[in-house]
*Asks:* 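The structure follows.
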Amino acid sequence: MRGKKKGYVRAGLAAAFFLLLSGGCGMQFDVEERENENAAEDELIVVGVSQLGSESVWRTANTASIQETFTRENGYLLIFENARQKQENQIKALRSFISQQVDYIVFSPIEESGWDVVLEEAKEAEIPVIVMDREVEVSDPSLYVTRVGSDFAGEGENAGVWLRNYLEEQGRAEEEINIIVLKGTEGATSTIGRTEGFEKIARQHDNWTILEQAGADYTTTKAKEEMKKILSEHQDIDVLVSQNDDMTFGALEVLEEEGFTTGVDGDVIVISFDAVRSALELVASGEINVDIECNPEQGLYIENVIQMLENGATIDKNYYVPEKIFTQENVGRYINDRSY
Ligand code: GYE
């Protein structure tokens, strides 16, 4: 796949190297050195990555994973674009990768729909597209090669199953349970999957009532706003399901201000997603009951896929990254290794 075209990127890089290297002494040596360097540059695999934004700690860790993986030392030239939560910026970034004739396009789609046209363009340009984190809904599955990310519906189900077991342990299995859900970005696979997964388990329990599901965009600020509104309407809350840690931080702040206690010994059971370090600390101290891990360290998995493609190997349509569930019982074993 690679080497089918000499992209503008490569030509530009070669020129830049030429300029950098010229002007020294020892002409013969310089020329040879330059040729080697240019050859080495030419070998780099050019990867255009469109990240959807930087809304959460998870996202920052996901970006870091990409940037640490696709380095020159590892044989890559990374062109990274941050779309700042706008699909139109992602589409622009993808078009610019196409015009630069990159070797691979990787992108984390902010929402599932709206990608057909630009992905057709990538297909026409014969650039393989790898979907990262969330999924795309396209009419033709051949518009992307594979997707690397989490099993979001599985995460949602795990949250529900954990709650069922916890209520049983607490002798509350038959009690009326009122639930509030803070949802992430609308139309995003992580939101859709976590919502559906949890609802599936909730439907199996007639005594569970989802009082409200409020969208809070995966951000702390929006979660605070939504939580204030919710608490002005509902005071009898048993469970908060918050679809990422950033929203949980905001919700916990508001709950505390309003006089609620949370977690293992509190009024409100708290279920969070992502499992970033600062949230795991709250699991350890008992303010969050459970954190369903979502693994942002996807760089190596994506690199693996690229290497398979380079070697002509057969690729699956979906690769799930491994994930755990953290409670006060097991979190101590993992917290010190958490880098994000
Ligand atoms: O859980 C959240 C984020 O799509 C898995 O997006 C991702 C979610 C993640 O910003 O924190």
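Atoms within each ligand, like the ligands themselves, are counted from 1 in listed order.
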*Asks:* For D217, is there an ion pair with R59 - N to carboxylate O distance below 4.0 angstrom?
*Replies:*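 No, no charged N to carboxylate O under 4.0 Å.
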*Asks:* Does NZ or CZ of K224 fall inside the cone over F249's six-membered ring, less than 6.0 Å from its centre and within 45° of the axis?
*Replies:* no
*Asks:* Please work out whether the ring planes of W208 and F198 are parallel, tilted or perpendicular, with thresholds of 30° and 60°.
*Replies:*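 It falls in the parallel class, under 30°.
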*Asks:* Would E281 and R277 pass as an ion pair if we require N to O under 4.0 Å?
*Replies:* yes
*Asks:* Identify all side-chain donor-acceptor contacts of residues 292-299 below 3.5 Å with residues at least two apart in sequence or on another chain.
*Replies:*
residue	atom	partner	partner atom	Å
E293	OE1	K324	N	2.7
E293	OE2	R338	NH1	3.4
E293	OE2	R338	NH2	2.8
N295	OD1	E297	N	2.9
N295	ND2	P322	O	3.2
Q298	NE2	N295	O	3.0

*Asks:* Check K229 with E226, please: is the shortest side-chain N to carboxylate O separation under 4.0 Å?
*Replies:* yes
*Asks:* Just to be sure I understand the cut-off, which residues have at least one non-hydrogen atom under 4.0 angstrom from an atom of ligand 1?
*Replies:*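 Ligand 1 pocket, heavy atoms under 4.0 Å: E55, S56, W58, R59, D133, R134, F152, S190, R194, Y218, N244, D274, C294.
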